[in-house]
Structure formats: structure tokens, C-alpha cells
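This report concerns only the one structure given below.
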Protein chains: 2
Amino acid sequence: MLKQLQRLDEIFQALADPSRRGMVERLCLGPASVSELAKPFAMSLPAVVQHLQVLEASGLVRTEKVGRVRTCRIDDAALQTVERWVNDRRKLWERRLDRLGDFLAEENEDKS
Amino acid sequence: MLKQLQRLDEIFQALADPSRRGMVERLCLGPASVSELAKPFAMSLPAVVQHLQVLEASGLVRTEKVGRVRTCRIDDAALQTVERWVNDRRKLWERRLDRLGDFLAEENEDKS
DNA sequence: CAGTTGCTTAAGCATTCACTTAAGTATCAA
DNA sequence: TTGATACTTAAGTGAATGCTTAAGCAACTG
């Protein structure tokens with residue numbers, strides 16, 4: 001629970017970069033090796049690996065090395081954490097709008 | 001549509017900072033002035049305003065000045081944009097896991 | 001009109017970020 | 001064992017980030 005809050009920083013930070021979001025999108029279709037992941041991007045391999053490290057540190061991606069190939073896959077828990085945070089905020093805000101709506105409706109009733 | 005994708009960068013970037021997330025959380029309870037918003041934070045007012053500018057540029061927050069008071073409120077559309085992106089990713093990933101599950105189930109059937 | 005309040009502008013500064021190139025180190029394949 | 005493949009490590013660089021202080025300005029308050 002405490003860990004999750006700390007990690008929200010890193011998760012949002014990780015998702016703020018379009019290359020990293022691209023990698024997440026790719027990985028949502030299934031696991032991939034580092035060089036597979038790198039292919040669509042016009043940057044050096046070390047740059048890709050650095051992005052990958054950010055993604056892994058945030059918990060969005062897990063990786064595992066077998067032989068000389070590192071395989072990367074989505075870790076759903078981090079995505080759930082984001083989803084939950086955003087959802088909770090939206091709920092709060094919408095509830096407020098509802099209450100405001102009720103209030104205005106009552107005001108109108110009073111006036112009519 | 002195109003605008004939204006560009007803005008995902010800024011939205012996630014905005015949410016990556018705990019102070020800014022704090023401000024969003026506060027604003028989900030209702031609008032607030034800049035100084036109200038600043039109160040919980042141990043930083044200078046200009047710093048708060050700079051955070052606010054990031055939030056506004058991302059579309060998460062709208063502000064409006066009346067007299068000398070600037071009132072800030074949540075703009076739900078940006079939160080929806082995040083929610084949609086994360087939701088779409090999760091759906092893709094889960095569908096993949098389902099297909100994988102089916103595949104493994106079939107394999108087991110074959111073996112039995 | 002003078003003072004206070006609520007923000008705004010500007011400039012500076014240390015740190016972090018997103019890369020780069022160059023030089024490794026393990027595998028695997030022939 | 002030689003070469004190619006798949007990363008890995010290290011060091012450097014320019015730009016962006018998250019602050020700060022100092023000074024302003026406009027609007028309400030008495």
C-alpha cells in the first residue's frame with residue numbers, strides 16, 4: 001500500500017514518455033526481446049535499455065534473461081494501480097458535480 | 001483526437017509529481033483559489049503557480065481569474081483521456097492472457 | 001489615499017532526463 | 001575457436017524540471 005503510492009510517481013513518470021508508452025503498447029500484445037522492442041525506434045540500443053529500466057523500476061514491465069536474450073512483459077499490477085487512482089479521482093469529482101446538480105435543482109424548485 | 005495523443009505526454013508528466021497529484025486530489029473535492037491550493041505545501045507561491053501552469057497546460061485543470069483571485073477546477077476530459085488509455089491497454093493485455101489460457105487449456109485436453 | 005492581499009514576472013541554480021558514442025561481456029553457431 | 005549476436009557498462013552532453021528569491025502589479029480594505 002505504501003509502496004504503491006511511492007510507485008505512482010515512477011509509473012506516471014514512466015508513462016510520460018511517448019517511446020516508453022510505445023513500448024508498453026507493444027508489450028500489451030505480448031512479450032518481446034529487447035531488440036524486438038527496439039526495432040520501431042530510431043534510437044540507439046542503450047537508449048532503449050535505459051527506457052526499459054525506467055519501465056521496470058516503475059513496475060510496469062518485468063524482464064527475465066535467458067541465455068543472451070532478455071524477455072520483457074507487462075506487469076498488470078502497475079497498470080491497475082494507475083487505473084484505480086484515476087478512477088477514484090473521477091468518482092470524487094463526479095460525485096461533487098452530482099451534488100452540485102442536486103443543489104441547483106433544489107434552488108430551481110424553490111424559485112418555481 | 002490528434003491533440004489528445006500529444007497531450008497524453010503532458011498529462012502523465014503532470015501527474016508524475018506528487019505535489020501536482022496532491023493539487024488534483026484537492027481539486028477533485030471542489031474548486032479552490034491559488035492560495036488555498038498552496039496552503040498544504042511547504043513551497044513558495046511561485047512554485048505552486050508553476051505546478052499549476054503544468055496542470056493547466058496538460059488540460060487537467062482549468063483556471064479563471066476574477067478580481068485578484070484565480071479559481072482552479074478539475075477538467076474531467078483529461079482524466080477521461082488517461083482512463084481510456086490505461087483501460088485500452090489493460091483490455092489488450094487481458095485478452096492476450098485469455099487467449100493464452102484457452103491455448104493451454106486446449107493443450108491439456110489434447111494430452112488427457 | 002495607504003496598506004494589505006493575491007497573484008505574477010523574472011532570473012538564477014542544482015538536479016534529473018533523454019539521449020549519444022565507445023568499449024565491454026557473455027552466449028550461441030559453425 | 002572464431003565470429004556474430006544480444007545485450008551491458010560507462011561516460012559525457014545539452015535541455016528540461018523543480019525549485020528559490022526578489023521585485024512587481026492590480027484590486028480590495030479601511
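Note on naming: letters A, B, ... go to the chains in the order of the sequence lines (proteins, then strands), and numbering restarts at 1 for each one.
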Once you round it to whole Å, what is the distance between [atom2] of [N] and [atom1] of [X]?
X: B:F41; N: C:dC7; atom1: CZ; atom2: P; answer: 15 Å
X: B:M23; N: D:dG18; atom1: CE; atom2: C1'; answer: 11 Å
X: A:E10; N: C:dT16; atom1: CD; atom2: P; answer: 13 Å
X: B:M43; N: D:dT20; atom1: CE; atom2: C1'; answer: 12 Å
X: A:D17; N: C:dC19; atom1: CG; atom2: C1'; answer: 10 Å
X: B:E64; N: C:dG6; atom1: CD; atom2: C1'; answer: 16 Å
X: A:L55; N: C:dA18; atom1: CG; atom2: C1'; answer: 13 Å

- Between C:dC17 and A:H51, is there an OP1 or OP2 to side-chain N/O distance shorter than 4.0 Å?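 So the side-chain polar atoms of A:H51 never come under 4.0 Å of the phosphate oxygens OP1 or OP2 of C:dC17.
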
- OP1 or OP2 of C:dC19 sitting under 4.0 Å from any side-chain N/O of A:S44?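 So the side chain of A:S44 is outside the cut-off, no N or O lying under 4.0 Å from OP1 or OP2 of C:dC19.
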
For residues 61-69 of chain B, which side-chain N or O atoms pair as donor and acceptor with protein atoms under 3.5 Å away, sequence neighbours left out?
unit_1	atom_1	unit_2	atom_2	d
B:R62	NE	B:D75	OD2	3.4
B:T63	OG1	B:E56	OE1	3.4
B:T63	OG1	B:E56	OE2	3.1
B:T63	OG1	B:R70	NH1	2.8

- For B:Q80 and B:D76, does a side-chain donor sit closer than 3.5 Å to a side-chain acceptor?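 On atom types as modelled, these side chains qualify, holding a pair under 3.5 Å.
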
- Message: Through direct or indirect side-chain contacts below 4.5 angstrom among Ile, Leu, Val, Met, Phe, Trp and Tyr, which residues connect to B:L92?
- Response: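 For the cluster that includes B:L92, the remaining residues are A:L29.
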
- Item | Estimated bend of the helix from C:dC1-D:dG30 to C:dA30-D:dT1 (axis per five terminal pairs, rounded to 10 degrees) |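 It works out to 20° between the end axes.
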
Residues in side chain to side chain donor-acceptor pair (under 3.5 Å) with [X], at least two apart?
X: B:E25; result: A:W85
X: A:S19; result: A:D17
X: B:Q53; result: none
X: A:R20; result: A:H51

- Query: Side-chain contact, heavy-atom cut-off 4.5 Å: B:V86 with A:V86?
  - Reply: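 No - every pair of side-chain heavy atoms lies 4.5 Å or more apart.
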
- For nucleotides 2-9 of chain D, read 5' to 3', which letter fits each nucleotide if B means a protein heavy atom sits under 4.0 Å from the base, S means only the sugar-phosphate is that close, and - means neither? --BBSBBB

- Mind checking what makes salt bridge (Lys or Arg N to Asp or Glu O under 4.0 Å) contact with A:E94, not counting sequence neighbours?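 By the salt bridge (Lys or Arg N to Asp or Glu O under 4.0 Å) rule, A:E94 matches A:R90.
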
- Task: Nearest-nucleotide wise, let me know which of A:V66 and A:Q13 is further upstream toward the 5' end of DNA chain C.
- Result: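 Nearest nucleotide further toward 5': that of A:Q13.
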
